[in-house]
Amino acid sequence: MENLGKITRGNIYTTQTAPLEGKVTSDKNSAPAKNSNPNSNKSKELLLGSLSAVGVIGLSIVAITQRSKIQKLLQELNKATNKPVNNSVQAEETLIPYCIKPLKDTELYKSFGEETVGIFNFLENSNTTPQSVKEFLFGLTSDKKASSQFIEEILQNPRESAKHLKLLKDKIGGWKNLSEWLQAPEGYQEAYKNYIQEKAPTLNIEELIKISPNWHLYFLNNKTGNNLTFGKLPKEFQNIKNYSHFVNWLASMRGEFKVGEKVVKEYGGNYMEIESLKEGLSGKYPLKIQFLDIENGTQKGKPYILKIQESYGSDHNAFAKESIAYRSDSVFLNAQLDHYLNLHDCKNTVKFHYFDYNSNSGLYDFVEGQNTVNTENILEGNKLVEDMNRLGIQYNDVCITNIIKCEDGYKVIDIGDSTFIDPLRPGVKGLQFEVPNWCGNSIPNFAMALKL
């Protein structure tokens with residue numbers, strides 16, 4: 001099907017009328033101005049490089065496509081105010097026209113068909129023009145079977161997404177061309193949507209959350225017959241016959257538990273020491289639970305943290321309860337994010353055990369650690385949780401109480417207000433959502449601003 005340089009939304013790109021044979025043109029105005037500070041430019045490049053390395057590499061694609069227009073505007077403004085122009089824009093790339101062909105008819109297909117490696121290894125070792133790569137990638141994503149195999153290759157190791165995006169950007173001829181392939185009809189986003197819409201109904205909740213931590217509540221709830229739970233209860237809690245009732249029982253005694261005081265309670269023959277912990281500002285009620293062997297006067301097992309969602313009177317209104325679940329930093333959102341990180345053995349998260357929507361609660365290990373983070377700077381804070389970043393989670397609520405230093409490194413003990421972003425795992429309308437952030441600051445905001 002003929003689709004020369006087609007793009008449908010917003011006229012973001014200017015499409016050339018003649019083939020460019022994969023060449024990237026240079027912009028004579030792209031060199032730094034004589035009066036610009038080279039050290040400042042170098043620092044900016046290093047910072048942008050670090051942001052890309054932690055998974056924000058695809059955030060600013062659209063902004064970059066507008067960069068030449070923004071620079072021209074800045075030049076005019078600086079002329080008017082007699083200020084020197086700090087124009088550090090690199091050579092402006094050219095948007096390469098493309099024609100969507102069947103995959104087997106693309107120039108690279110023959111050499112790819114002879115390879116036994118995956119797509120990324122093939123592209124990394126190929127020596128060809130960006131035009132051929134763009135044609136090949138569109139052929140790949142417009143082919144249902146090939147695109148499914150490609151997406152499954154990506155999902156096998158989400159820690160590689162930033163590396164994969166950089167490789168794709170370099171091979172396809174720059175950010176504009178990568179952005180077009182990601183967003184255009186029959187490009188990557190459409191292929192991903194088709195894959196998820198077909199695959200998701202066949203997957204269980206664990207398999208879904210391992211793909212990404214942003215599934216709609218209704219979809220997960222329907223999977224379990226409107227009795228949503230995920231994770232696995234530790235053996236100490238398996239002896240409690242009705243876990244939801246147990247959590248609601250604890251919540252009903254909220255006024256009895258004073259912060260820092262330990263109270264012994266019995267439920268169904270199980271004795272436990274309950275300690276209320278300091279509450280945050282987002283409606284989570286945390287309790288430390290330690291089971292006891294009353295006969296021997298000893299502790300049984302290890303301590304746990306139970307996070308109970310404040311109901312705000314929504315207990316008997318399904319819509320109100322669902323709305324609270326979508327609040328930033330809710331127990332439901334925390335559970336998805338933490339379970340996703342646990343399923344990928346993330347070094348920067350605590351052990352998540354169980355989420356129960358009936359009681360709107362999440363169960364975690366209690367971890368010992370020190371409050372050593374003396375900054376609220378989100379860039380500095382994210383340097384401590386690089387493994388989480390590589391998995392697409394950028395942490396926004398950086399403060400002394402939320403990141404602790406343990407024996408095996410830094411861990412986020414309250415994951416709320418994080419951002420999940422990975423252009424190779426884009427959201428699918430109706431099934432997934434954008435994770436909310438009420439912190440004001442966010443890593444994506446920094447990335448977008450700095451890339452301009």
Side-chain angles (χ1 to χ4, degrees), residues 1-22 24 57-59 61-62 64-65 93-113 115 118-120 122-123 126 128-156 161 164-201 211-212 421-432:
M1 179 177 72
E2 191 77 4
N3 189 17
L4 189 61
K6 182 178 178 182
I7 188 72
T8 59
R9 294 193 177 100
N11 296 320
I12 292 174
Y13 309 103
T14 302
T15 307
Q16 303 296 322
T17 57
L20 299 169
E21 299 181 351
V24 176
I57 195 168
L59 274 174
I61 293 172
V62 175
I64 292 171
T65 65
E93 71 177 86
T94 300
L95 188 64
I96 301 170
Y98 65 95
C99 179
I100 294 181
K101 299 179 180 179
L103 179 60
K104 61 181 179 60
D105 293 338
T106 62
E107 183 179 333
L108 294 183
Y109 178 75
K110 183 178 180 181
S111 54
F112 170 66
E115 297 284 347
I119 297 290
F120 292 104
F122 167 70
L123 290 175
S126 66
T128 187
T129 65
Q131 191 166 9
S132 295
V133 171
K134 191 171 184 179
E135 177 191 73
F136 175 72
L137 288 175
F138 268 107
L140 186 69
T141 52
S142 61
D143 183 287
K144 182 180 179 180
K145 182 178 179 180
S147 63
S148 294
Q149 293 173 345
F150 179 44
I151 291 166
E152 287 173 358
E153 180 183 343
I154 290 169
L155 295 179
Q156 285 178 3
S161 281
H164 289 160
L165 281 164
K166 185 180 184 304
L167 174 65
L168 290 168
K169 183 264 295 184
D170 292 342
K171 291 293 184 177
I172 203 173
W175 292 111
K176 286 184 181 180
N177 291 290
L178 175 60
S179 180
E180 184 162 54
W181 171 68
L182 287 172
Q183 300 179 45
E186 300 190 68
Y188 182 79
Q189 189 161 342
E190 184 175 306
Y192 187 84
K193 178 195 71 173
N194 293 337
Y195 173 85
I196 292 295
Q197 287 179 337
E198 180 174 320
K199 195 79 173 177
I211 292 174
S212 64
I421 184 160
D422 182 350
L424 295 179
R425 288 176 292 165
V428 174
K429 187 175 182 179
L431 295 177
Q432 298 167 317

>> Over 60° means perpendicular and under 30° means parallel, so tell me whether W181 and F150 are parallel, tilted or perpendicular.
In response: tilted

> Which atoms form the tightest heavy-atom contact between S212 and Q432, and what is the distance?
Replying inline: OG-NE2, 2.9 Å

> S111 versus F122: any side-chain heavy-atom pair under 4.5 Å?
Replying inline: yes

> What's the shortest heavy-atom distance between I172 and N177, and which atoms?
Replying inline: O-CB, 3.5 Å

>> For a side chain to side chain contact (heavy atoms under 4.5 Å, CB included) check, start with the C-alpha distance between L182 and Q189, then their side-chain angles and the critical distance, and finish with the verdict.
In response: CA-CA 6 Å; L182 287 172; Q189 189 161 342; 5.8 Å; no

> Can you name the side chain to side chain contact (heavy atoms under 4.5 Å, CB included) partners of S132, sequence neighbours left out?
Replying inline: E107, L108, T128, T129

>> I'd like to check T141 versus E190 (side-chain heavy atoms, cut-off strictly below 4.5 Å). Are they in contact?
In response: no

>> Please report the interatomic distance CD1(I154) to NE2(H164), rounded to the nearest 0.5 Å.
In response: 7.5 Å

>> I'd like to know if the side chain of K171 reaches the main chain of S126, judged simply by a donor and an acceptor atom lying under 3.5 Å from each other, with no hydrogens or angles considered.
In response: yes

>> Closer than 3.5 angstrom, by distance alone: can the side chain of Y188 be matched with the main-chain N or O of L424 as a donor-acceptor pair?
In response: yes

> Which heavy atom in S161 sits nearest to a heavy atom in D422, and how many Å separate them?
Replying inline: OG-OD2, 2.6 Å

> Roughly how far, to the nearest 0.5 Å, is the NZ atom of K101 from the CZ atom of F136?
Replying inline: 13.5 Å

> Rounded to the nearest 0.5 Å, how far does CG of D170 lie from CG of L123?
Replying inline: 11.0 Å

> Is there side-chain contact between P130 and K134, with at least one heavy-atom pair below 4.5 Å?
Replying inline: no

> Any donor and acceptor pair, going by atom type alone, linking the side chain of E186 with main-chain N or O of I100 inside 3.5 Å?
Replying inline: no

> Can you name the nearest heavy-atom pair linking I151 to A191, along with the distance?
Replying inline: CD1-O, 3.6 Å

>> Please list all pairs meeting salt bridge (Lys or Arg N to Asp or Glu O under 4.0 Å) that have one or both residues in residues 141-156, counting only residues at least two apart or in different chains.
In response: K144-E198, E152-K199

> Which heavy atom in K169 sits nearest to a heavy atom in L178, and how many Å separate them?
Replying inline: CB-CD2, 3.9 Å

> Between the side chain of E93 and the main-chain N/O of W175, is any donor-acceptor distance below 3.5 Å?
Replying inline: yes

>> Using every non-hydrogen atom in the two residues, find where T106 and E135 come nearest and quote the distance to one decimal.
In response: CA-OE1, 3.4 Å

> How far does CG of L137 sit from OH of Y98, to the nearest 0.5 angstrom?
Replying inline: 12.0 Å

